[in-house]
Amino acid sequence: MTDLRQTMGAEQQLKSIFKQAQGYAFDYADGAAERSVFPQPEALANLALFDEDMPNTNGDASSILQQLHQYGSPASVAQTGGRYFGFVNGGVIPVTLATKWLTDFWDQNTALQVMSPITSKLEEICEGWLQQLLGLPNTTVAGFVSGTSSAIFCGLAAARLRIYANQGWDFNARGHNGAPSIRIIAGRHTHGAVVKAIALLGFGLDNIEWVEGDDQGRIDPTFMPTLDDSCIVILQAGNVNSGAFDPFGEICDNANKAGAWVHIDGAFGLWAGGTQRLKYLTQGMDKAHSWSVDGHKTLNTPYDSGILLCRDKEALITALQASGDYLTSSYGEKRDGMMYTPEMSRRARAVELWAALKYLGRSGVDELVFGLHQRAVQFADELRAAGFDILNDVVFNQVIVSPSPEDEITQQILEYIQASGECWVGSSVWQGKKVIRISVCSWVTSEQDISRSALTFVQARDAICAK
Ligand SMILES: *Cc1c(COP(=O)(O)O)cnc(C)c1O
């Protein structure tokens, strides 16, 4: 081991591999706007070069980086270039990336305050700022998790604990066997991550009471069942296809009267609540009990950054209870991050979130989020002017495009666009029809990027329809 330790010691001291990585990183960043958005076939074929047996002996750090940049970088998706509109994948604000680099050198574990006073402090600051920015109740606590999927899981675990406790049932001690029943109420258009959490938590997918929505995918409150204190209601801030927001106020009022719990999944849409110009979309969301949101989508922090916000601290930390004699918890005085998350060891992701919030300020959040909306509107306008059907009201950053009433033609147009390398968009099914789905989610995307991408849609349609 001595030889290897000496080698690593020298690498650490000389820093040349870090400079090498930095050079590659800058190279990558400079090329991101003009390269093919999706990797070219040659780059994908070269991935076979990674197929090798596990090495028997230790390798060379510099050649590892070299291999990664030469064959790995071209096989990445140029998500940071400004013309990536697939799924709902955010860009990355420069200062948050620089923050990540710095804190990578810290290599902190944020489980306990005693492991990392600075990250504990910044988690606390983020918690307070998010409460203020989003206008949430002053009892709201935050758990910093890997993404919204995990955040939904935590929110529903807290809900389960509280709703059972209200029925006189100690869930942690007694579990599901013989427990009183809980009703799960969710919109027909709820995200797959919510469905996953419901299954993981043992509620049973067949037990979900689905609520029908309108033509935008919003829950129609007139279809809400009568609520009682055994209900967990899951609402949505930002439909993953249309970007639509459920009507929160009325449903939350009824839930609160009945003693039900409301979780709002706002993976990308919750940030509307932190803006001046789009805040109206989230009206009444402060009356819910828990909320899930991503830093890595709309807010453009690096992956993986999800946040669970919960007004019922006791329910959350009891649901995620952790114990062990060696855990010298300072709970009650200083913040131990693991009390609010399923994980124990975690990287210091809240530091990047802190940097994003500190850098943007309230006006910057408004400018960033409203800018995504404006460019989504521009995209929809240009496509409509070119004769494409836009199927949703573009209230946020999502656009649903129907290039053809025939699914087969839509598929061909989609594939043409994806292969062009000019931009990348995904597909979905909307009201029974295959559609192209656009998500404007990166601060980098300019008006020119939108026009260039809209032109690609036109070229794709012309090419396919000429056949
Ligand atoms: C992306 C998304 C999720 C899942 O979030 P991850 O961060 O990918 O785990 C859940 N709900 C909605 C509405 C989403 O857009």
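One-based numbering, in listed order, for ligands and for the atoms of each. Note that the coordinates shown come from a computational prediction; the quantities given were computed from them, not determined experimentally.
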Is it true that F457 and F379 have ring centroids separated by less than 6.0 Å?
-> yes
F396-W271 aromatic ring centre distance below 6.0 Å | no
At a 4.0 angstrom heavy-atom cut-off, what protein residues surround ligand 1?
-> G147, T148, S149, H191, A193, G238, V240, D265, A267, F268, D294, H296, K297
Partners of A355 by side chain to side chain contact (heavy atoms under 4.5 Å, CB included), sequence neighbours excluded?
-> T99
Would you say D336's side chain and A111's backbone share a donor-acceptor pair under 3.5 angstrom?
-> no
Axial cation check for F144 ring with R346, 6.0 Å and 45° limits | no
Ring-face cation of R188 near F223 (centre distance under 6.0 Å, axis angle within 45°) = no
